[in-house]
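Below: the structure, in structure tokens.
Quantities reported herein were computed from a predicted structural model and do not represent experimental measurements. Proteins get letters first, then strands, A, B, ... in listed order; numbering begins at 1 in each.
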Amino acid sequence: MAGVIQAGGQTKSNTYTGFGPLLLLPSWLIIGFFLLLPVGMMLIYSFLTKEFRGGVIWEFSLAAYDQFLFDRGLFGDDPPKIEWTYIGIFWRSIWQAGLATVLCLLIGFPTAWFIATRSGVNKSIWLFLVTIPYWVNLLIRTISMKFLIRDTGPINEWLMAGGVISEPIHMINTAFAVQLGLFYSYLPFMVLPIYASVERYNFALSEAAADLYASRWTTLRHVILPSVKPGIVAGCILVFVPSLGAFLAPDLLGGAKNFMIGSLIEEQFKGNAGNWPFGAAASMILLSLVLIALMFYARSQRQQGHF
Amino acid sequence: MAKKFDIKRFPGFLAITCLCLFLLYTPLLVVMVYSFNDSNSITNWGGLSLRWYEEVFFGVEAPKFKKAAFNSLTIALCAATTATTIALCAAVAILRAGRFRGQGLSFGLINLPLMVPEIVTAVATLIFFSAIGFKAGYATILIAHIVFCIPFAYLPIAARMQGIEGSYEQAAQDLYATRWEAFRLVLLPLMMPGIISGFLLAFIISLDDFIITNFVKGAGIETLPTAIFGSVKQGIKPNIMAISTLLLLVSASFVTLSWFINRKGGENSS
């Protein structure tokens with residue numbers, strides 16, 4: 001009789017001991033074969049020679065990384081200069097994703113706190129309201145935003161009809177539109193993990209602080225924020241990582257001038273004009289940035305003893 | 001000591017929450033309203049009408065969108081079913097099979113699709129299928145969807161399993177149930193709310209995906225998001241707003257369904 005010796009009421013039971021590896025086999029096969037292996041292959045492709053009609057020639061080359069970093073003139077024989085175009089695109093992406101993260105945090109933290117401190121049914125309803133947009137198709141949400149902020153869109157129409165402005169404000173195809181799109185796309189990703197953290201927060205700590213004459217804001221800074229930090233870090237990662245590789249918001253709202261990493265990568269695989277090794281190299285660099293961000297996350301979680 | 005203020009309340013937080021909901025909902029509501037606009041231009045308001053919904057179902061583009069919707073739904077159904085099954089096996093292995101080597105690594109593996117940026121997954125999958133000479137099409141989309149649906153199915157399933165005490169199955173085994181019977185007759189029924197919400201979330205995630213699908217689909221096959229994207233590239237047309245509204249309602253009703261199932265499950269077990 002397996003499992004009988006186990007202490008009752010323990011969540012982590014061993015009723016099915018021995019079947020673990022077998023039960024994990026499908027996950028390993030599917031994810032290992034169709035995600036791990038492909039990522040490895042992408043790494044190899046980033047060191048191959050490009051073929052002009054898309055695809056690769058199996059010949060080792062550092063051309064993709066070289067193109068990313070250096071400008072060797074039109075015929076490739078000038079002395080190498082630093083190529084700023086792609087570094088610029090990456091820098092812009094990091095900056096846009098960072099700003100979106102900060103904005104989401106400024107709106108998301110108070111929202112999460114407010115919802116988590118409601119009681120009973122109220123809490124479920126508020127939470128439910130925030131959850132719905134989270135599950136609405138990202139493409140549709142981006143299209144809605146594009147529709148809203150067009151030059152002849154509802155916002156400009158209303159402002160002009162109200163006499164606030166006489167000329168439409170040009171918002172679409174600007175860096176502002178991309179920022180708005182990123183912020184709007186990933187805002188729920190910030191609210192939900194912070195909410196989960198506040199739920200676990202021990203309010204007696206706040207009471208103790210108040211009894212010791214701490215003001216509301218002192219309590220927030222020195223007691224609450226350190227306690228819910230894991231949720232905040234999780235939220236920031238969940239906003240920053242997808243923003244960094246976002247494709248839809250820069251493509252639909254930013255136009256050609258506001259290229260981000262996602263659009264750069266996509267272009268390398270579109271039709272015959274692309275450059276697969278360069279696209280693979282750009283993807284590898286993006287993946288490395290994300291892994292660095294995730295390492296920071298893992299470290300902060302470990303410090304909090306959540307591992 | 002009497003407290004001077006309510007420690008849970010911060011001035012302005014209610015206003016920010018309302019602002020947050022306002023920002024989240026305004027674009028969606030505006031598109032919903034304009035989808036009922038009886039005018040050929042998307043800008044001017046020409047009164048209420050259902051003509052763009054008629055256009056979606058019977059207009060010139062209707063066959064294209066119906067085919068895309070069929071592809072989307074069948075792929076989502078297959079991908080969500082497979083991913084849910086795999087995720088359930090994985091959850092039993094991680095939470096119910098004691099400790100064994102590679103458990104932590106496996107947990108990381110299951111969550112890997114959440115950590116790799118979508119565009120990177122898309123590029124890697126495209127390169128992989130092209131390198132092994134697998135023809136892009138329905139099958140490649142389906143495989144890619146199964147992969148990224150697994151962690152989404154896993155999360156609610158594992159959350160539910162953590163809430164079920166191991167003593168139920170132990171009691172069953174004490175009464176001479178085999179392990180398979182303990183699973184099928186005790187654990188599985190208790191797991192149902194988690195399994196259903198895992199399935200629904202995987203289904204929605206698959207239905208919503210654009211980036212990965214766009215990379216691996218190849219020519220000649222469209223899902224609803226790629227068909228909509230192709231159409232929007234030439235400018236937003238009113239029929240797109242009608243389709244968007246319909247999809248929005250599908251997503252919202254799925255989430256609502258999942259929410260109620262979870263609530264009901266929560267009441268039963270407590």
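The shortest heavy-atom contact between A:Ala293 and A:Ile237 is O-CD1, 3.4 Å. Taking each heavy atom of A:Ile132 and B:Ala252 in turn, the nearest pair found is CG2-CB, 4.2 Å. Pairing each heavy atom of A:Val223 with each of A:Ala209, the nearest pair is CG2-CB, 4.0 Å. When all heavy atoms are compared, the tightest approach of A:Tyr186 to A:Ser243 is CD1-OG, 3.3 Å. Taking all atoms of both residues into account, the shortest heavy-atom contact from A:Val130 to A:Ile115 is CG2-CD1, 3.6 Å. Between B:Met161 and B:Val92, the closest heavy-atom pair is CE-CG2, 3.6 Å.
For A:Thr142, no part lies under 4.5 angstrom from a heavy atom of chain B. For chain B, no part of A:Ile149 is nearby; none of its heavy atoms comes within less than 4.5 Å. Of the atoms belonging to A:Leu139, it is side-chain heavy atoms, and not backbone ones, that fall under 4.5 Å from chain B. When heavy atoms are compared at a cutoff of 4.5 Å, A:Thr219 does not approach chain B at all. Only the side chain of A:Leu294 comes within contact range of chain B, with at least one heavy atom under 4.5 Å from a heavy atom of that chain. Interface remark: B:Phe215 contributes side-chain atoms only to the contact with chain A (heavy atom separation under 4.5 Å). When heavy atoms are compared at a cutoff of 4.5 Å, B:Phe129 approaches chain A solely by way of its side chain, counted from C-beta outward. Within the 4.5 angstrom heavy-atom criterion, atoms from both the backbone and the side chain of A:Phe203 approach chain B. With a 4.5 Å cut-off on non-hydrogen atoms, B:Met241 touches chain A through its side chain but not through its backbone. Both the backbone and the side chain of A:Glu266 come within less than 4.5 Å of a heavy atom in chain B. Contact of B:Ile150 with chain A is made through the side chain alone, with heavy-atom distances under 4.5 Å. In this structure, the portion of B:Ile204 lying under 4.5 Å from any heavy atom of chain A is its side chain and not its backbone. Contacts between B:Leu19 and chain A at a heavy-atom distance below 4.5 Å involve the side chain alone, from C-beta outward. Interface residue B:Leu21: only side-chain heavy atoms are found under 4.5 Å from chain A. Neither the backbone nor the side chain of A:Ser263 has a heavy atom closer than 4.5 Å to any heavy atom of chain B. Residue B:Phe229 touches chain A through both its backbone and its side chain, counting heavy-atom pairs closer than 4.5 Å. For A:Leu187, the part sitting under 4.5 Å from any heavy atom of chain B is the side chain, from C-beta outward, and nothing else. Only the side chain of A:Val290 comes within less than 4.5 Å of a heavy atom of chain B; its backbone N, CA, C and O stay farther away. For a residue to count as touching a neighbouring chain, one of its non-hydrogen atoms must lie under 4.5 Å from one of that chain's; by this rule B:Ile236 touches chain A with the side chain only. Interface remark: B:Val120 contributes backbone and side-chain atoms alike to the contact with chain A (heavy atom separation under 4.5 Å). Contacts of A:Ile261 with chain B are absent, with no heavy-atom separation under 4.5 Å from either backbone or side chain. With a 4.5 angstrom heavy-atom cutoff, A:Phe33 touches chain B via backbone and side-chain atoms both. With a 4.5 angstrom heavy-atom cutoff, B:Phe183 touches chain A via backbone and side-chain atoms both.
The greatest number of non-hydrogen atom pairs below 4.5 Å with chain B, out of A:Val241, A:Leu129, A:Leu286, A:Thr117, is found for A:Leu129. With chain A as partner, the option from B:Ile228, B:Ile143, B:Asp209, B:Ile211 having the largest number of non-hydrogen pairs under 4.5 angstrom is B:Ile143. For the set A:Leu35, A:Ile155, A:Ile30, A:Thr131, the entry with the most heavy-atom pairs within less than 4.5 Å of chain B is A:Leu35. Counting heavy-atom pairs closer than 4.5 Å to chain A, the top-ranked of the candidates B:Ile127, B:Val31, B:Leu187 is B:Ile127. The candidate with the highest count of non-hydrogen atom pairs below 4.5 Å against chain A, out of B:Cys89, B:Ala182, B:Ser251, B:Ala90, is B:Cys89. Looking only at heavy-atom pairs under 4.5 Å with chain A, the residue among B:Ile146, B:Leu114, B:Leu207, B:Leu126 that has the most is B:Leu126. With chain A as the partner, the residue from B:Ile240, B:Thr245, B:Leu201 showing the most heavy-atom pairs under 4.5 Å is B:Leu201. Per-residue counts of heavy-atom pairs under 4.5 Å with chain B were compared for A:Val39, A:Leu106, A:Leu43, A:Thr111; the largest is that of A:Thr111. For chain B, the option among A:Tyr45, A:Phe269, A:Trp28 with the highest count of heavy-atom pairs below 4.5 Å is A:Trp28. Between chain B and the options A:Phe247, A:Phe128, A:Tyr134, the largest number of non-hydrogen pairs under 4.5 Å is found for A:Phe128. Annotation: maximal heavy-atom pairing with chain A below 4.5 Å, among B:Ala171, B:Cys18, B:Pro11, occurs at B:Pro11. Ranked by heavy-atom pairs shorter than 4.5 Å toward chain B, the options A:Ile44, A:Leu148, A:Asn137 are led by A:Asn137.
Between B:Glu169 and B:Arg96, at least one side-chain nitrogen of the basic residue sits less than 4.0 Å from a carboxylate oxygen of the acidic one, meeting the salt-bridge criterion. One finds a salt bridge joining B:Lys233 and A:Asp251 here, because a Lys/Arg side-chain nitrogen approaches an Asp/Glu carboxylate oxygen to under 4.0 Å.
In this structure, A:Ser185 OG and A:Met145 CE are separated by 8.0 Å, a value rounded to the nearest 0.5 Å. If you take CG on A:Leu244 and OG on A:Ser93, they are separated by 6.0 Å, rounding to the nearest 0.5 Å. Expressed to the nearest 0.5 Å, how far CD1 of B:Ile212 lies from OG1 of B:Thr223 amounts to 11.5 Å. The CD1 atom of B:Ile86 sits 9.0 Å away from the CG atom of A:Leu29 when rounded to the nearest 0.5 Å.
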From CA spacing to verdict: ring pair (Phe, Tyr, Trp, His ring centres under 6.0 Å), A:Tyr16, A:Phe19: CA-CA 6 Å; A:Tyr16 307 101; A:Phe19 289 96; 7.2 Å; no
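With sequence neighbours excluded, no residue forms a side-chain hydrogen bond (donor to acceptor under 3.5 Å, both in side chains) with B:Ser244.
A donor-acceptor contact closer than 3.5 angstrom links the side chains of B:His145 and B:Thr213.
With hydrogens and angles ignored, the 3.5 Å screen pairs a side-chain donor or acceptor of B:Thr178 with a backbone N or O of B:Glu181.
The aromatic ring centroids of A:Trp217 and B:Phe10 lie less than 6.0 Å from each other. The six-membered or imidazole ring of B:Phe254 lies away from that of A:Trp135, with a centre-to-centre distance of 6.0 Å or more.
In this structure, the side chains of A:Phe34 and B:Thr125 stay at 4.5 Å or more apart for every pair of heavy atoms.
A tilted orientation is assigned to the rings of A:Tyr201 and A:Trp113, their planes being inclined by 30° to 60°.
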